[in-house]
2 protein chains.
Amino acid sequence: MGNRDSSPCIAAFIERAGCLCERDGLPRIAGRILGLLLVSAEPLSLDGIAERLGVSRASVSTDARRLVEQGVLERVGLPGDRKDYYRMASDSPERSLEQKLVGLRQFLALLDEAQRLPGQDPAVSERLAEASALYRDVMLATTDALERWRARPPAVAATQSA
Amino acid sequence: MGNRDSSPCIAAFIERAGCLCERDGLPRIAGRILGLLLVSAEPLSLDGIAERLGVSRASVSTDARRLVEQGVLERVGLPGDRKDYYRMASDSPERSLEQKLVGLRQFLALLDEAQRLPGQDPAVSERLAEASALYRDVMLATTDALERWRARPPAVAATQSA
DNA sequence: CACTATATTCAGTCAAGACTGAACACACTG
DNA sequence: CAGTGTGTTCAGTCTTGACTGAATATAGTG
């Protein structure tokens, strides 16, 4: 079942990716798809992914679409082929980071809501303000890092031009 | 049941906290405990929390212990009282941020593992290196923000001295 | 227009784990 | 040592959502 060819290292890597993504609220299969496509040079078809991972085509269809919606995967066509192919989006690291940022943003919003709550003890207010400051700073720093990354010098060559 | 007194705003806030923490892999009740203690000036007993939230004491016992282990809650005693009381740890924002950092660290480790995989296409290697660089930078920036926060000027006064 | 290849959707199964009440353990008190 | 207040653990229920095979849609091909 699945993982027919290729080294067991890669299989292990894909599994790790699956488990890790599970912690972020993604289905395990979605994580495996990401792991697989992360290390594959060519786009893979839906059937190819399903067979390679040893899971149902239904799951791959659902999860791949979800990942496309999140912007971390791209659906591409191959000339003379009716199948859908998938590959990592060119800005996928950015996108998955943004996914994590929304979590931070919501947490920050929660802290702000807490600060606006009526009848707060001064000590509580201060605790909230401090936490809020920390998370605001982290968000800022992360956004900056993202900006720096976007402005990074373009890659020298690599096969894939676009 | 539960939320007997206090404004409905607070009840809503606690619920939001519960749902938000669920996304981070915590039981909803753990999130509610955090929300409740975040806005309460005094430590609360296990029974007090359970009654206030309208949940079983068993859940509060389990989840509070978990939060204490994570370092975001502190178990304190009150003189002349045999009960356990809980309050937010003084460094709780730091701790929950660190929790998030371990996720980043694991993700980074996964990327590194991918880079060490045998027989990599150059384009893939470059993609991995770029992603790795982004996440490394984010981790660094976050750690810096955390340092800044630790070095922040101490609070003016507030009721709770320690 | 049949026919085929492909992708999506749906009903159903299954597993994980949150939550609970009740039993239990523990440690004070008199 | 019984009795009581307190925290923990456990067996069982229930919800959620991942995953699947099969049915269904969609679009290309002759």
Side-chain angles (χ1 to χ4, degrees), chain A residues 1-3 14-37 43-70 73-87, chain B residues 1-3 14-37 43-70 73-87:
Chain A
M1 63 293 306
N3 297 327
I14 291 176
E15 272 326 297
R16 289 228 309 150
C19 291
L20 197 50
C21 287
E22 231 171 7
R23 293 195 14 159
D24 288 285
L26 283 178
R28 181 178 299 204
I29 290 184
R32 289 200 272 227
I33 295 174
L34 284 181
L36 174 57
L37 289 178
L44 294 179
S45 73
L46 196 153
D47 281 11
I49 296 172
E51 191 199 5
R52 186 69 173 63
L53 297 180
V55 301
S56 76
R57 282 169 12 225
S59 296
V60 176
S61 173
T62 305
D63 289 345
R65 181 152 32 94
R66 178 174 187 166
L67 293 170
V68 168
E69 277 162 11
Q70 291 192 0
L73 245 49
E74 261 175 11
R75 203 169 53 124
V76 299
L78 254 49
D81 193 335
R82 287 165 53 189
K83 295 200 196 79
D84 285 356
Y85 285 79
Y86 294 91
R87 69 167 175 214
Chain B
M1 65 273 332
N3 297 327
I14 291 176
E15 272 324 298
R16 290 230 308 151
C19 290
L20 197 50
C21 288
E22 231 171 4
R23 292 196 15 158
D24 287 286
L26 284 180
R28 181 178 299 205
I29 290 184
R32 289 199 272 227
I33 295 174
L34 283 182
L36 174 58
L37 289 178
L44 295 179
S45 73
L46 197 153
D47 282 10
I49 296 172
E51 193 199 3
R52 186 70 173 63
L53 297 179
V55 302
S56 76
R57 283 176 6 229
S59 296
V60 176
S61 173
T62 305
D63 289 345
R65 181 152 30 97
R66 178 176 185 164
L67 292 170
V68 169
E69 277 163 13
Q70 291 193 359
L73 244 51
E74 261 174 11
R75 203 168 53 123
V76 300
L78 254 51
D81 193 334
R82 285 167 52 192
K83 293 202 197 82
D84 286 355
Y85 285 79
Y86 294 92
R87 69 168 174 214

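Here the structure is a predicted model, which means the values were calculated and not measured. Computed from heavy atoms alone, side chains included, the values below leave out hydrogens, waters and symmetry copies. Chain letters run A, B, ... following the sequence lines, proteins first and then strands; every chain starts at 1.
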Mind calculating the distance between [atom1] ([X]) and [atom2] ([N]) to the nearest angstrom?
X       : N      : atom1 : atom2 : result
A/Asp84 : D/dG28 : CG    : P     : 11 Å
B/Leu73 : D/dG7  : CG    : P     : 14 Å
A/Arg57 : C/dA7  : CZ    : P     : 8 Å
B/Ile49 : C/dC19 : CD1   : P     : 15 Å
B/Lys83 : D/dT4  : NZ    : P     : 17 Å
A/Ile29 : C/dC14 : CD1   : C1'   : 14 Å
A/Asp81 : C/dA7  : CG    : P     : 9 Å
A/Glu51 : D/dT20 : CD    : P     : 14 Å

If only side-chain N and O atoms of [X] are considered, is one of them under 4.0 Å from the OP1 or OP2 phosphate oxygen of [N]?
X       : N      : value
B/Ser61 : D/dT8  : yes
A/Ser59 : D/dC19 : no
A/Arg65 : C/dT9  : yes

Check whether any side-chain heavy atom of [X] sits under 4.5 Å from a side-chain heavy atom of [Y], and report yes or no.
X       : Y       : answer
B/Ser45 : B/Tyr85 : yes
A/Ile33 : A/Leu73 : yes
A/Ile29 : A/Thr62 : no
B/Arg57 : B/Val60 : no

Considering only heavy side-chain atoms of A/Val55, the closest of C/dA22, C/dT8, D/dT20 is D/dT20

Between C/dT8, C/dC19, C/dT20, which nucleotide gets closest to the side-chain atoms of A/Leu46?
C/dT8

With nearest nucleotides of DNA chain C determined for A/Thr62 and A/Arg82 from heavy-atom distances, which residue corresponds to the more 5′ nucleotide?
A/Arg82

Please report the closest heavy-atom contact between B/Gly35 and B/Ala17, naming both atoms and the distance.
CA-CB, 3.8 Å

Tell whether B/Arg28 reaches the base of C/dA18 with its side chain through a donor-acceptor pair below 3.5 angstrom.
no

Can you work out whether A/Pro27 or B/Tyr85 has the more 5'-proximal nearest nucleotide on DNA chain D?
B/Tyr85

